[in-house]
Amino acid sequence: MNFDEACEEARKIAFSFSNPLIVHHYDADGITSGSIVVSAFRKEFRNYRVKWIKKLDEHSFSKIKKEKEIIFVDLGSGNEIVDELKDVLVIDHHQPKELKKPQINPLLYGIDGGTELSSSGTAYSVFKNNIDLAIVGAVGDMQYPLIGKNREILEQGVKLNEITVEFDLRLYGRSSRPLPQFLSYSDEVYIPGITYNESNAYVFLQDLGLINEKNALNSYLDLTEDERAVLKKGLINHLIAKGYEQTAKYLIGEIYLLSRRPLRSGLYDASEFSTILNACGRHGMANIGVGVCLGEEEAYKKSLELLKYHKTKIREGLLFARDNICDLGSFLFIDGRGVIDEGIIGIVCGMMLTQFDKKPLVGIAIGEENTIKISTRANNSLISKGLNLGKSLSHSSKNIGGSGGGHKIAAGASIPKDKLEEFLLEFANFISQSS
Ligand code: C5P
């Protein structure tokens with residue numbers, strides 16, 4: 001069976017269920033893929049229930065083990081525990097184990113689930129609805145730039161007039177923020193002297209002749225093409241002058257605009273959309289994220305409040321991480337315990353990569369039930385040298401009574417609170433041997 005045939009088979013299995021519980025992961029890719037499945041069931045007027053979880057551990061398992069039919073989305077592939085349940089379908093893209101239950105996972109068909117197809121893309125390939133959510137999930141899962149199957153889906157989306165691709169600044173709020181905030185709130189791309197400093201951002205824009213008292217509320221999309229070019233050039237020159245050549249590389253790239261979503265809302269740009277979903281999921285409200293994906297206005301309003309909170313938390317986390325990051329030889333380490341929430345330590349590590357990209361990043365936070373939450377992030381250049389964070393974490397956490405996994409480029413784990421030193425040594429040994 002090839003991947004497309006397996007997707008068709010998975011669709012048949014899903015629709016053979018009479019009232020399944022759709023159990024999806026809580027991050028942007030989990031919320032988008034869960035929403036694609038929910039939407040498919042709604043379109044067919046079928047019964048379903050929906051639930052999000054952070055991870056499939058004994059605690060969450062105990063709550064769902066009596067269910068007759070479950071569709072796992074963006075989780076399940078790496079966990080044999082699903083074989084103990086009744087009727088199950090797994091739709092996932094994490095590194096899979098051999099399961100007795102049916103699973104659709106690109107990695108089983110020679111497609112890299114870490115870089116070429118996310119869970120949202122896999123769910124789209126199964127149900128063929130909500131193509132824009134497939135792109136939002138891929139972007140949210142750090143699968144940028146879109147290649148392989150993700151690219152095919154993007155091209156289909158363009159043909160269907162649901163997605164437009166532009167080459168532009170990759171900062172948050174191109175249409176939804178006044179220019180000084182557009183620059184100063186930019187934490188995904190850190191601009192020295194400007195990120196978190198609105199008055200400096202204002203002066204920077206003034207010096208470039210792009211802002212005055214009358215048009216201070218204009219957004220980036222209100223600028224003319226020429227003015228946008230001036231801003232891009234100004235930002236690149238600024239980054240290079242401050243010694244941030246690496247960051248300059250992240251500044252401009254492809255962006256994906258979603259024509260079915262309201263213009264000038266935070267949902268129009270796939271990357272902004274995914275940030276909103278992360279804000280919902282990482283702060284315990286993944287259900288609001290599903291509402292946003294399904295076009296519910298009330299959910300969107302709530303998501304904007306969560307976004308505000310999320311951005312504040314990330315800002316605090318990044319400022320702390322920048323001052324406290326330390327080099328432990330084969331990797332960089334951020335001890336965020338007591339300062340950075342476990343839900344966003346991974347996001348903070350991902351953002352720190354735009355400045356520190358020579359070694360993998362390991363961040364830790366206080367986890368649930370006497371555990372430490374580990375989040376690790378790397379980039380394509382480290383992966384090409386043989387680094388596999390998912391395998392490294394799975395191996396080093398298992399040996400000390402924890403559990404973990406994920407992708408080559410982004411992975412997480414939970415370990416017992418008193419086993420940090422052992423974990424770090426295991427991890428350092430494992431990555432030194434493999435890369
Ligand atoms: O939590 P974080 O964002 O760091 O997770 C990165 C990736 O690792 C996610 O795709 C997540 O599903 C995976 N992960 C995992 N097992 C864990 C924690 C995270 O497979 N215990």
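Indexing begins at 1, ligand by ligand and atom by atom, following the structure's order.
- Aromatic ring orientation, His94 versus His407: parallel (interplanar angle below 30°, classes split at 30° and 60°).
- The distance between the ring centers of Phe15 and Phe127 falls below 6.0 angstrom.
- Ser118 and Asp141 are not linked by any side-chain donor-acceptor pair at a separation below 3.5 angstrom, with hydrogens and angles left out of the test.
- Distance alone, capped at 3.5 Å, places no donor-acceptor pair between the Asp327 side chain and the Leu332 backbone.
- Near ligand 1, heavy-atom contacts under 4.0 Å come from His25, His94, Arg282, Lys373, Ser375, Arg377, Ser403, Gly404, Gly405, Gly406, His407, Ala410, Ala411, Gly412, Ala413.
- Exactly one residue among Asn79, Leu56, Val37, Leu21 makes a side-chain contact (heavy atoms from CB on, under 4.5 Å) with Phe72. That residue is Leu56.
- Between Phe333 and Phe331, the ring-plane angle classifies as perpendicular under the 30° and 60° cut-offs.
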